[in-house]
Amino acid sequence: MQNNTQTISGTIVKITYKNENNGYCVLTLNTGSEDVTVVGIIPNAYEGEFLNCTGQYIHHKTYGSQFKAEFCERVIKEDSASILKYLSSGSIKGIGPATARKIVEQFGKDSLDIIENYPEKLCIIKGISYEKAMAVSEHFKNQFGIREILLKFSQFNFTPAEALKIFKKLGNNAVPAVESNPYILCSDNIGFDFLRAEEIAEAYNLNKFEYNRILAGVKYVLKKNTANSHTCLPINKLADVSSLLLEVEPKLVQEVILNADKNLELILEDFNGDTFVFLPEYNSSERYIASRIKQMAAIQNNLFSLSELEIDRAENILSIKFEELQRHAVRQAVENGVFILTGGPGTGKTTTLNAIIKVLEHRGLDVMLCAPTGRAARRITELTGIPAKTIHRMLEAEFNEEEKHIFTRNERNPLECDVLIIDEMSMVDTFLFEAVLRAVKGNCRIIMVGDTDQLPSVGAGNVLHDLIKYGKIASVCLQTIFRQAESSLIVTNAHKIINGKQIVFNNSKNSDCFMLINNNPEECVLEVVNLLSERLPLAYGFLPLENIQVLSPSRRFLTGTVNLNNMLQAAVNPQSKLKGELIFKGVTFRQGDKVMQIKNNYDILWETNFGETGSGVFNGDIGFIESVDSYLNSITVNFDGKKVVYSGEELAQLELAYAITVHKSQGSEFDCIILPLLDVPHKLRYRNLLYTAFTRAKQLLVVVGSSSVLADMITNDKKTLRYTGLLNFLMR
């Protein structure tokens, strides 16, 4: 994308929309020659103000041309007429047009200096008491508090949005507060990274042994480790890692941790004689899950029994004969308030779930289905015939003033269902499961469906594993591979992988699983490109982009997704004068490209060819670029008939999707998978990742690469260690 940054200046003549929480504004700026619609973070904007706005012009599908401001500076001209116009606008609480005129008549061009620094002088004006003068001064200072923060800390590149958060948290004392303790910026309300706070502290030569610094460093290490899926850490390990970061002794770190526990800034827990340290929100979340699950399981246990005739009826409806373990699963699901159903491919998990649903619906219970991702929700809808939502949409996710997810479905506004079924439960993390439990009614049943051998949640926690390991929640693991699935090498090999056995390939045309040995990274990439673009479409009739998906364990190296996407794009959708394209942060987006949404966006608008409209595109959704407007820096993506326009920074939500990581494929299935296994980083050579990749293929799986890498992954059953407290809280 070209850098079209420019600056425009003018007077605010109209404010169309203002969000007091996050400072987002839509206003009309008169530049002298035209009226321009300006959008962006412009806190405390008022009509009559003069602004210098830096940003670029964008095109909004509905509202047309807009100037998206990245930075706005308030300018109040120092002549009496401009000051009068500003004060008369109502921007300062307590001053109307009449009072504004009196102030300007009395103090002229010094009026603003008097209001800010000598407010007591306002008392000579009739109608202004001392209390009112102080209130007017305070409100005026608030207007310019954000500007003061931006100016004072300009060397640290604060954004207007960050300055607004700082001001809302710290008020008019923000500047001295940050100067004395930069680590206050790491609080949840502001959210600065510890290393940014370190940069400020270094500039002010602050003492590295300060309590606030050490505590902020410890919290930083804990937060970084939640990204590695830990909800807590052993105190010794935490102290050692933190001491290296902070360059202080581990003993001093432990002293700070103990003090922080007394102040409830951190939470210490004793698990079997070992001390673990939590951030308060993770401790609270896991404690809540444990108490709520135990409560639901205890209160609802054996609410009613299930007759064999009801299972027989479900068999007749589905035209299938259940094995005994499936019948047992149906009984357990109906007779318990909390139930977990697990199983690998070909073990009848979907059939069993459909039987459970038939029995529950026959009992007159209202059943609701959900899944962690949009693709997983669509898949379970296809398999059961019941509309499923993403968990976030089901809980009606919104953003609070700190731009964090909140859910409008909660204890005060629960979900209207008798039974909630959560598919792909292995992907559900601690915070999300807590939100689900807060949203279900006291008499609601929960059925969790998943595969414990797949990759666990990306977010912190190990919820499904901990619930099963607890041992006191009704659960069934289906293990028998049914006859119709036994003929599939994809299915049988997936089970061999989990059992640590070397797998079998059959490279005949009739096989659904074969491997092409290639130990040269460059040649391996060319093999993948050739398979997708020519060989597989020719041999099996697959459409390269619709039916075939390349999965890679990693983003890095030659067989990682970044390089593969570039190579596949060049082969399948090469540059052409007939195709529009634009470059955004080094990535070329071209008409016809296959792309993936990489974060949930509940507000982005879509429209179909039939005029239907709505909002929301979800993490993992795959679509195709329908058109590119390089002049307006926008692209239109078609997600299964829903057309979405992306412009400006919204493009950061998209990635090329000719090749995607195995982690990103969770919850999805594809007709054909090409899996390159060659220069795989050693930390990603493990069994669960390989198993997850195999179980994404419905009809055909082609492995390209090294047999030794494949063997390494099958042999490596070392599951990534996750420190969590949920199991211990359940056991208490």
Side-chain angles (χ1 to χ4, degrees), residues 7-54 66-67 69 71-151 160 163-164 167-168 171-172 174:
T7 298
I8 62 172
S9 301
T11 303
I12 301 175
V13 294
K14 181 182 178 182
I15 294 178
T16 306
Y17 173 79
K18 183 193 293 188
N19 185 321
E20 299 292 351
N21 288 328
N22 61 20
Y24 184 80
C25 224
V26 179
L27 56 83
T28 302
L29 196 73
N30 183 274
T31 64
S33 59
E34 62 177 337
D35 284 350
V36 178
T37 300
V38 178
V39 300
I41 305 296
I42 313 170
N44 301 324
Y46 285 93
E47 293 177 9
E49 287 189 286
F50 192 89
L51 296 182
N52 291 329
C53 300
T54 302
Q66 299 178 332
F67 188 86
F71 179 80
C72 285
E73 180 187 14
R74 281 185 174 78
V75 179
I76 300 178
K77 296 179 180 177
E78 295 185 356
D79 60 279
S80 297
S82 296
I83 294 173
L84 176 61
K85 189 174 183 180
Y86 167 68
L87 293 178
S88 299
S89 68
S91 61
I92 300 178
K93 190 175 180 180
I95 298 181
T99 305
R101 182 168 295 280
K102 291 177 183 178
I103 293 173
V104 174
E105 286 176 351
Q106 180 68 43
F107 300 110
K109 65 180 182 179
D110 296 326
S111 297
L112 298 183
D113 182 50
I114 295 295
I115 292 172
E116 181 177 10
N117 300 307
Y118 310 101
E120 64 278 1
K121 292 185 178 181
L122 294 174
C123 298
I124 66 175
I125 295 173
K126 188 175 181 181
I128 299 183
S129 64
Y130 179 81
E131 290 75 15
K132 182 176 180 178
M134 294 301 110
V136 165
S137 181
E138 184 71 15
H139 197 268
F140 177 78
K141 289 175 183 176
N142 288 349
Q143 293 279 315
F144 290 87
I146 296 164
R147 180 185 174 191
E148 183 186 9
I149 293 168
L150 288 169
L151 291 173
L164 176 61
F167 184 76
K168 290 181 74 170
N172 289 322

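Position 1 is the first residue of the sequence, and the numbers go up from there.
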Exercise answer: donor-acceptor pairs, residues 31-43 side-chain atoms, under 3.5 Å, sequence neighbours excluded:
from, atom 1, to, atom 2, distance (Å)
Thr31, OG1, Ser33, OG, 3.4
Thr31, OG1, Glu34, N, 3.4
Thr31, OG1, Glu34, O, 3.2
Asp35, OD1, Asn30, ND2, 2.7

Donor-acceptor contacts under 3.5 Å from residues 114-129 side chains, at least two apart:
from, atom 1, to, atom 2, distance (Å)
Asn117, ND2, Asp113, OD1, 2.7
Ser129, OG, Lys132, N, 3.1

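By the side-chain contact (heavy atoms from CB on, under 4.5 Å) test, Ala100 is found to be paired with Leu84, Leu87, Ser88, Ile95, residues two or more places apart in sequence or in another chain being considered. Among residues two or more places apart in sequence or in another chain, the side chain to side chain donor-acceptor pair (under 3.5 Å) test is passed with Thr28 by none. For Phe107, there are no ring-ring contact (aromatic ring centres under 6.0 Å, His included) partners, not counting sequence neighbours. For Ser9, the side chain to side chain donor-acceptor pair (under 3.5 Å) test picks out Asn52, with sequence neighbours left out.
A side-chain hydrogen bond (donor to acceptor under 3.5 Å, both in side chains) check over residues 98-107, counting only residues at least two apart or in different chains, returns nothing.
The CG atom of Leu29 sits 5.5 Å away from atom SG of Cys53, with the distance rounded to the nearest 0.5 Å.
Counting heavy atoms from C-beta outward, Ile83 and Leu112 have side chains that approach closer than 4.5 Å.
Between Gly108 and Ser111, the shortest heavy-atom contact is O-OG, 2.6 Å.
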